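Because the structure is predicted, anything quoted here is derived from the model rather than measured.
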Amino acid sequence: MAIAAALLLAGCGGGTQIDTGNGKAVALTKEQVQKTLPDGGAMTGWKASTRPSAVKMDKLYRSAACPIKDNAGCENSRFYGTSAFRRDDSTAVATFLIVAYDSERAAGEAYDVLWNYYGKRTGQRARTFSLGPVGEKRDARIGAFGFHGEPGTITQARVGTTLLWTMTDSTNKDKKDAVTEDSARDLATVLAERARQAQNGDTPSATL
């Protein structure tokens with residue numbers, strides 16, 4: 001996942017509802033994807049380590065976002081975006097990822113394909129947890145991901161025409177509350193709400 005984010009930076013049931021006036025979620029522009037990603041103003045208690053960036057999906061970025069045979073899951077994708085933060089107490093880092101598709105159908109068809117890959121990020125013994133009403137579909141796992149057993153989380157959600165990920169990692173295996181289900185849930189909720197706002201034609205403004 002760090003490789004995927006680095007590549008981008010080098011180039012630069014129920015839940016959330018989308019209301020665009022015509023009953024369909026819209027495909028986001030590159031600018032909208034970048035604005036959807038949380039910035040420093042949206043992340044109370046966190047410091048930006050990587051500013052929000054978005055790029056047009058091409059062969060390089062399909063390999064980064066969908067590192068599966070034939071880049072499965074990136075069909076009909078348009079843009080790829082990321083931003084990253086470090087908590088003020090320096091015990092946790094958080095990364096946001098977005099893949100924007102040209103339709104809800106394309107995002108929906110990619111969901112399970114990509115969760116089958118991203119969901120393994122937290123290790124074999126990771127457990128699932130509930131995100132609550134985040135997006136039209138959502139999954140989350142927490143486990144010991146770091147080299148010394150530091151905890152980490154991964155969440156994935158679909159909001160309209162987008163697939164969204166949040167990843168948190170602890171930098172201190174002895175500080176058990178550095179990464180929690182609640183903090184992962186809060187981050188996923190903020191990203192999903194910002195995606196909903198963008199697809200409604202509003203400027204994303206949701207904050208922690």
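Of all heavy-atom pairs spanning Ala100 and Val33, the tightest one is CB-CG2, 3.7 Å. Of all non-hydrogen atoms in Pro38 and Val190, the two that sit nearest each other are CG-CG1, 4.4 Å. Nearest heavy-atom pair, Ala192 versus Val159, reported as atom, atom and distance to 0.1 Å: CB-CG2, 3.8 Å. Heavy-atom minimum distance, Thr91 versus Ala178: O-CB, 3.3 Å. Minimum heavy-atom separation, Cys66 to Ala72: CB-O, 3.5 Å. Of all heavy-atom pairs spanning Arg194 and Ala42, the tightest one is NH1-CB, 3.6 Å.
At least one side-chain heavy atom of Val99 sits less than 4.5 Å from a side-chain heavy atom of Trp165. Counting only heavy atoms from C-beta outward, the side chains of Glu31 and Gln34 never approach each other to under 4.5 Å. Contact check for Gln197 versus Thr203: no side-chain heavy atoms found under the 4.5 Å cut-off. Contact check for Ser83 versus Asp39: no side-chain heavy atoms found under the 4.5 Å cut-off. Side-chain contact check for Thr171 versus Arg86: some heavy-atom pair is nearer than 4.5 Å.
Using modelled atom types, one finds a donor on one side chain and an acceptor on the other under 3.5 Å when comparing Tyr111 with Asp139.
Here Glu181 contributes atom CD and Leu131 contributes atom CG; the two are 9.5 Å apart, rounded to the nearest 0.5 Å. To the nearest 0.5 Å, atoms CD1 (Ile98) and OG1 (Thr162) are separated by 6.5 Å. Rounded to the nearest 0.5 angstrom, Gln199 CD and Thr36 OG1 are separated by 7.5 Å. Here the straight-line distance linking atom CG of Leu97 with atom CG of Leu114 works out to 11.0 Å at 0.5 Å rounding. Tyr101 contributes atom OH, which lies 6.5 Å from atom CE of Met57 (distance to the nearest 0.5 angstrom). Atom NZ of Lys30 is separated from atom OG of Ser53 by 9.0 Å, given to the nearest 0.5 angstrom.
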side-chain contact (heavy atoms from CB on, under 4.5 Å) between Met43 and Leu187, intermediate numbers included: CA-CA 9 Å; Met43 294 287 287; Leu187 294 172; 3.6 Å; yes
Working for side-chain contact (heavy atoms from CB on, under 4.5 Å), residues Glu150 and Val179: CA-CA 9 Å; Glu150 298 90 339; Val179 168; over 6 Å; no
Intermediate values then yes/no, side-chain contact (heavy atoms from CB on, under 4.5 Å), Asp169 and Arg121: CA-CA 11 Å; Asp169 296 297; Arg121 176 185 179 274; 2.6 Å; yes
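Paired with Thr153 under the rule side chain to side chain donor-acceptor pair (under 3.5 Å), one option of Thr168, Thr166, Thr180 passes, and it is Thr168.
Panel note: side chain Arg185, backbone Val134; no donor-acceptor pair is recorded below 3.5 Å. Counting only distance, with no hydrogens or angles, the side chain of Gln156 and the backbone of Gly119 share no donor-acceptor pair below 3.5 Å. Under a 3.5 Å cut-off, the side chain of Arg158 and the backbone N or O of Gly160 do form a donor-acceptor pair. Counting only distance, with no hydrogens or angles, the side chain of Arg141 and the backbone of Ala126 share a donor-acceptor pair below 3.5 Å. Checking side-chain atoms of Ser49 against main-chain N and O of Ala84 turns up a donor-acceptor pair under 3.5 Å.
Between Phe96 and Phe85, the angle of the ring planes goes over 60°, which puts this pair in the perpendicular group of the 30/60° scheme.
Connection of Trp115 to Leu163 is established within a shared hydrophobic cluster, with ILVMFWY side chains joined at heavy-atom distances below 4.5 Å, either directly or through further cluster members. No path of Ile, Leu, Val, Met, Phe, Trp and Tyr side chains, each step under 4.5 Å between heavy atoms, connects Val93 with Leu208, placing them in separate hydrophobic clusters. Both Tyr61 and Met167 belong to a common hydrophobic cluster when Ile, Leu, Val, Met, Phe, Trp and Tyr are linked at side-chain heavy-atom distances under 4.5 angstrom.
With sequence neighbours excluded, no residue forms a salt bridge (charged side-chain N to carboxylate O under 4.0 Å, His left out) with Glu75.
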